[in-house]
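Below you'll find the structure, written out as structure tokens, and then a few comments.
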Amino acid sequence: MKRRLITSIFLALVVTVTSSVVLTGCASKSYYYKQENGAWTVMGEIPDTNEGFDAGTSSTSSTEESKEEESKEEESKEEESKEEESKEEESKEEESKEEESKETPADSDSLATVKFEKPDDWADDVTVRVFDSESNTATIEGTADGSTYVFVIPKKGDQGNEFVSPKIMFMCTLDGKVVETGEAELNGDKTYTAGDKISKGKFALVEK
């Protein structure tokens, strides 16, 4: 009995020492054992699934999320830039159309656009009178561009009838009195000015 007891104690000490050696030599690894018939047997290594693996996964995920956020920010900036460029182009187109509209109405409503360069001593109230042999008339105020006035000649007179072979003449005030130019047949877009005085309150109409 004493021998068996001593033998059991001795075997237990041997197993303890052996396990200690194995664990000390592989501090970073873990094993599991199984006891059969009073003896301990190493069954295998326990996989390490702690901080190392989780940290790597977290780092990779964080990097991917960062790249996705940067990509989204770049796409957002590109879209905003395109929208701003598009708005600027639309604004320029609208301004261009408005300017064209101010200068000339639709072709269906006008006969021509004529300009008149007023002399320096003429007042800033230049108008053009359009008339024909059918008693159709219209007096039109111009749009000033410096000393040049732009007039859009309509197809119809104040009476609502279309002009037939219309003529034009320009009028203004000079020294508090109304003055006018000679007549000219309307024949497309042209530029005129006042020439020499031909009679009291009347000046020659000169095509430039």
Side-chain angles (χ1 to χ4, degrees), residues 69-208:
E69 289 178 358
E70 290 177 358
S71 177
K72 289 179 180 179
E73 288 178 358
E74 291 178 358
E75 290 177 358
S76 177
K77 289 180 181 179
E78 289 178 358
E79 290 178 357
E80 290 178 357
S81 177
K82 290 179 180 179
E83 288 179 359
E84 290 178 358
E85 291 177 358
S86 177
K87 288 180 181 178
E88 288 178 359
E89 291 177 358
E90 289 177 358
S91 177
K92 289 180 181 178
E93 289 178 359
E94 289 178 358
E95 289 177 358
S96 177
K97 289 180 180 178
E98 288 178 359
E99 290 177 359
E100 291 177 359
S101 177
K102 289 180 180 178
E103 292 180 359
T104 57
D107 293 339
S108 60
D109 297 329
S110 65
L111 291 173
T113 299
V114 296
K115 297 180 180 180
F116 182 78
E117 295 181 1
K118 78 176 188 66
D120 293 338
D121 55 348
W122 282 36
D124 297 330
D125 57 355
V126 181
T127 59
V128 64
R129 183 170 181 266
V130 188
F131 59 95
D132 64 8
S133 59
E134 302 296 324
S135 299
N136 296 318
T137 61
T139 300
I140 305 166
E141 295 182 356
T143 301
D145 182 10
S147 60
T148 301
Y149 285 72
V150 181
F151 301 89
V152 179
I153 310 301
K155 280 187 175 182
K156 296 181 180 181
D158 294 338
Q159 295 75 20
N161 301 319
E162 290 190 4
F163 287 110
V164 179
S165 300
K167 294 181 180 181
I168 57 174
M169 59 185 295
F170 297 91
M171 298 180 293
C172 185
T173 56
L174 179 60
D175 296 331
K177 298 179 179 179
V178 177
V179 296
E180 61 184 29
T181 66
E183 304 171 358
E185 291 185 0
L186 182 64
N187 186 17
D189 300 345
K190 293 183 178 180
T191 300
Y192 301 89
T193 189
D196 296 334
K197 187 175 183 179
I198 55 180
S199 64
K200 185 178 180 179
K202 194 165 188 174
F203 294 82
L205 181 59
V206 180
E207 182 181 335
K208 298 194 74 174

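In what follows, residues are counted from 1 in the order of the sequence shown. Just the heavy atoms: all of them, side chains too, but no hydrogens, waters or symmetry mates, feed the values below.
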Which pairs, with at least one residue in residues 177-191 and sequence neighbours excluded, count as a side-chain hydrogen bond (donor to acceptor under 3.5 Å, both in side chains)? none

Using a 3.5 Å cut-off and no angle test, enumerate the donor-acceptor pairs between side-chain atoms of residues 158-167 and protein atoms at least two apart in sequence or in another chain.
residue: Gln159; atom: OE1; partner: Thr137; partner atom: N; Å: 3.0
residue: Gln159; atom: NE2; partner: Thr137; partner atom: OG1; Å: 3.2

Do Phe151 and Phe170 have ring centres separated by under 6.0 Å? yes

Heavy-atom pair with the smallest gap, counting every atom of Pro154 and Ile140: CD-CD1, 3.2 Å

Do you know the tightest heavy-atom contact between Gly157 and Ala138? CA-CB, 4.3 Å

Closest non-hydrogen atom pair between Ala184 and Leu205, with its separation: CB-CD2, 3.5 Å

Kindly state each residue pair satisfying salt bridge (Lys or Arg N to Asp or Glu O under 4.0 Å) with at least one member in residues 112-124, sequence neighbours excluded. Glu117-Lys208, Lys118-Asp124

Asp125, CG atom: more than 12 neighbouring heavy atoms under 6.0 Å: yes

So if I apply the side chain to side chain contact (heavy atoms under 4.5 Å, CB included) rule between Val130 and each of Ile153, Val114, Leu111, which one comes out positive? Ile153

I'd like to know whether the aromatic ring centres of Trp122 and Phe203 sit less than 6.0 Å apart in this structure. yes

Smallest separation among heavy atoms of Asn136 and Asp132, with atom names: N-OD1, 2.9 Å

